[in-house]
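All remarks here apply to the structure that follows.
Numbers restart at 1 for each chain; the letters A, B, ... are given by sequence-line order, proteins then strands.
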Amino acid sequence: MENIELILKEFNGCDTSNLIPILHAVQKELGYLSPESVDAIAKHLRISKSHIFGVASFYSQFKFHPSGRHIIKICLGTACHVRGAQIIAEEFERELGIKAGETTEDLEFSLETVNCLGACALGPVVVVDDKYHGQMNVGKTHALLEKLQGKTEQTES
Amino acid sequence: MKKIKSVTELEVLRSKIASSRNPEDQCISICCGTGCRAYGADEVADEFIRVRNKLGLKDKLEIKKTGCHGFCERGPLVVIHPEEIFYQHITKDDAQEIIQKTVLEGEVISKFLYFDPKERKKIVSEYEIPFYKYQQRKVFKNNGVIDPTQINDYFAVGGYSALARVLSEMSPDEVIEEIKKSGLRGRGGAGFPTGIKWELLANQPNRSIKYLVCNGDEGDPGAYMDRSVLEGNPQSIFEGMLIGAYATGSNQGMIYVRTEYPLAIKHLTIALDQARKLGLLGKNILGTELSFDIRLIEGAGAFVCGEETAMIQSIEGNRSVPVTRPPFPVEKGINGSPTAINNVETWANIPIIIREGAENFAKIGTKKSKGTKIFSLVGKIKNTGLVEVPMGITLKEIVDVIGGGPSGRAKIKAVQTGGPSGGCIPVDKFDLTIDYESLTEAGSMMGSGGLIVMDEHTCMVDVVRFFLQFTSEESCGKCTPCRIGTRQMLAILNKIISGNGEAEDLVKLEELAYIVKSGSLCGLGQTAPNPVLTALRYFREEFETHVIDKRCPAAVCRDLVEYRVIPVKCTGCQRCVAVCPTGAITGPRAKPHNLDPEKCIKCRACYEICRFDAIAGDAIVIE
């Protein structure tokens, strides 16, 4: 929580237009918006918690639950769609046993779909932990997951 | 860095930079746009730098990480100046060879060159490649030349000379007149004349605060030109905004960028810092009365933010729900102060107009649509990437000449323009010239400039369903026709693709589309039915095949398709066996394989990997 206080200090408490930048900063720090952090923001900006929830839930970027260690983002923009992105998304869902928007129970993987990452020429695009993987297909999906799972086990051992 | 105190000092600095750079000096520019980075361009560039330093060429050979060159399909791209040798698909293992052979020995390495399939020959120079040759690059001209994190690179290509000219030679009214004369219209899609917007802002009486906003919330899926300009040439946006600030008397600027564009945010932050340090942003810019600063605002993932009143709500820290106009933002915008919002590409055009003159700008294009426009040419096309073309070019030229035709063996069926607000234009209408009016007439719209090419393996019903899914999720929920209407249309489309469509569904769909169109407040709702309406206008037959015959001709809609192996074509190569996620395909090597329809989940993986057309996606009849 000390970190949150430090973040809040950087923003003028009287200006509610700082709300979205604050939410970004807090989420960058914690990975999600915890109930305690929402309390702190509400106090700092002197606005109600419901207002913060209202704004944060409107935007797709803000999360209220912790994400997995690896975040897999599947682009479902038009260009990726016509090249079969839906199939890739379903393959990830099947392999991980979760739906898009969910996190595996062991908190290893979060699966997200996004509307367009602007890497349309490489469609279908999957971004894992901010690294882009272009021209995906079912085969590459398996290889990618194996690599990620392998890496996870290695770092644990 | 020292602050530049006057226009003369700026000129001195620029000529100093220009004279220190010899255009004949060797330089390697490596595309480090998001597209090429996805292929590993960053590591490639680092390897080039390492090899160069190892060979002791640090002072002789410049290596630049530039913004997007546009030809994303062929990335990572490397261009060697001054000869403009264009190498494609470069990996970091090639760095040594390229520096050794091409830079030091002057040898062109054939295997890295672009192969023109039409002329059947390799092409050396970047400008000879059809993809670039038929473009007219104005906004994008410097993207492949400058390092976006070095303001000096922007000075070297004439950067901020337009601002200098405006500040020393022109009155604010003259600037507005010049922009009006150029005929520049908003590049965000709606096409409102920029000069008139500025004039309205300038004429707002007695206001101490006026805002200028750069709309970089490029939400249209399939369009990414704004990102490439923001990433590759951020200073040109600042220069455009500064000229706008001078003309309209604004003192505060904002750039609103999608949070999905981390590289653009990074480069903008660096560029803003450099411009501030040199006194190009802040108080009394270049020793004049002009004071203007720019704040960077990160979006949070809501498509509706691209709509100007919704964007203002978002900037103020609210849910981005559009509000009724009038009053228009130029009268009452951010915190009640007058605000003019222009698209990224519009701002980037401003310095060009001032530098080259409004007459020269207006020479390009059609009667009502002037200048160039950047399109993102993506989908089932050979040369995917960003193309900048003059207004008035035909779709055919873009698709066949610049785009090089279809990516696979299937024929091109349609081009989707304007994102979720636009429509699909069928191949027999490809003689259509691209400008604001003709696209609207065809039932689509310019939008932000996405051109998504679709071939015979693309199902129009599925594409329309995709867009409706998108708009129904992104609808802010304020207007009932949009909130519920898009959902209902989606439900009908889902019914059709699952094989349960009825004849009256198409009638209902059309009726709903008109209700949503006329009953919504903002652009999102008003245009959300466009994909449905154009698809029904041009591809009604395909809808009817789904509804009446329960067939999907493109073999996309899963409930209407069943996969099987064609034994005479199957060579037993086992590629499909390896890729099948559920083990539905079995069979020994060199014997025709067997596909178990019970296990098949219709993921299409086998269909796509088969080299021998031995997998058929048959349309089946569901009773």
* Asked: Side chain of S376(B), backbone of M225(B): donor and acceptor closer than 3.5 Å?
  -> no
* Asked: In Å and rounded to the nearest 0.5 Å, what is the CG to CD distance from L144(A) to E91(A)?
  -> 12.0 Å
* **Under 4.5 Å from any heavy atom of chain A - which part of F71(B)** => neither
* D106(A) and T104(A): side-chain donor and acceptor closer than 3.5 Å? -> yes
* Do the ring centers of F64(A) and F53(A) come within less than 6.0 Å of each other? -> yes
* Asked: Who in residues 131-141 of chain A is close to chain B, using a strict under-4.5 Å heavy-atom cut-off?
  -> Y132(A), Q135(A), V138(A), G139(A)
* Verify whether the ring centers belonging to H65(A) and Y32(A) lie closer than 6.0 Å. => no
* Structure fact -> Most heavy-atom pairs under 4.5 Å with chain A, out of I334(B), T458(B), N318(B), V556(B), belong to N318(B)
* Of all of E260(B), E298(B), R37(B), which one pairs up most often with chain A through heavy atoms under 4.5 Å apart? -> E298(B)
* Asked: In residues 71-85 of chain A, which residues are in contact with chain B at a heavy-atom separation under 4.5 Å?
  -> L76(A), G77(A), T78(A), A79(A), H81(A), V82(A), R83(A)
* To do: Output the option from V463(B), D462(B), V321(B), I297(B) having the highest count of non-hydrogen pairs under 4.5 Å with chain A.
  => D462(B)
* Presence of salt bridge, E456(B) and K413(B), under 4.0 angstrom -> no
* Is it true that the side chains of S34(A) and S37(A) contain a donor and an acceptor less than 3.5 Å apart? -> yes
* For chain B, which of S57(A), G54(A), A119(A), P21(A) has the most heavy-atom pairs under 4.5 Å? -> G54(A)
* **Y261(B)-E218(B) side chain donor-acceptor pair, cut-off 3.5 Å** => yes
* Could you tell me which portion of D226(B) (side chain, backbone, both or neither) has an atom closer than 4.5 angstrom to a non-hydrogen atom of chain A? => neither
* **Within 6.0 angstrom of D130(A) CG, more than 12 heavy atoms from elsewhere** => no
* To do: Validate the cation-pi geometry between R227(B) and Y224(B): distance from NZ or CZ to the six-membered ring centre under 6.0 Å, angle to the ring axis within 45°.
  => no
* Structure fact -> Turns out that what part of E95(A) lies under 4.5 Å from chain B's heavy atoms comes down to neither
* List in chain and number order the residues that pass side-chain hydrogen bond (donor to acceptor under 3.5 Å, both in side chains) with Y39(B), two or more places apart in sequence or in another chain; answer none if no residue qualifies. => none
* Please determine, among S314(B), A302(B), G385(B), A578(B), the option with the most heavy-atom pairs under 4.5 Å with chain A. => S314(B)
* **N/O donor-acceptor pair under 3.5 Å between H24(A) side chain and G299(B) backbone** => yes
* Structure fact -> For R575(B), the side chain to side chain contact (heavy atoms under 4.5 Å, CB included) test, sequence neighbours excluded, returns C573(B), I609(B), R611(B)
* Under 4.5 Å from any heavy atom of chain A - which part of I315(B) -> backbone
* Given the options L386(B), V579(B), T259(B), which has more heavy-atom pairs under 4.5 Å with chain A than any of the others? -> T259(B)
* Asked: Are any non-hydrogen side-chain atoms of N383(B) and R74(B) less than 4.5 angstrom apart?
  -> yes
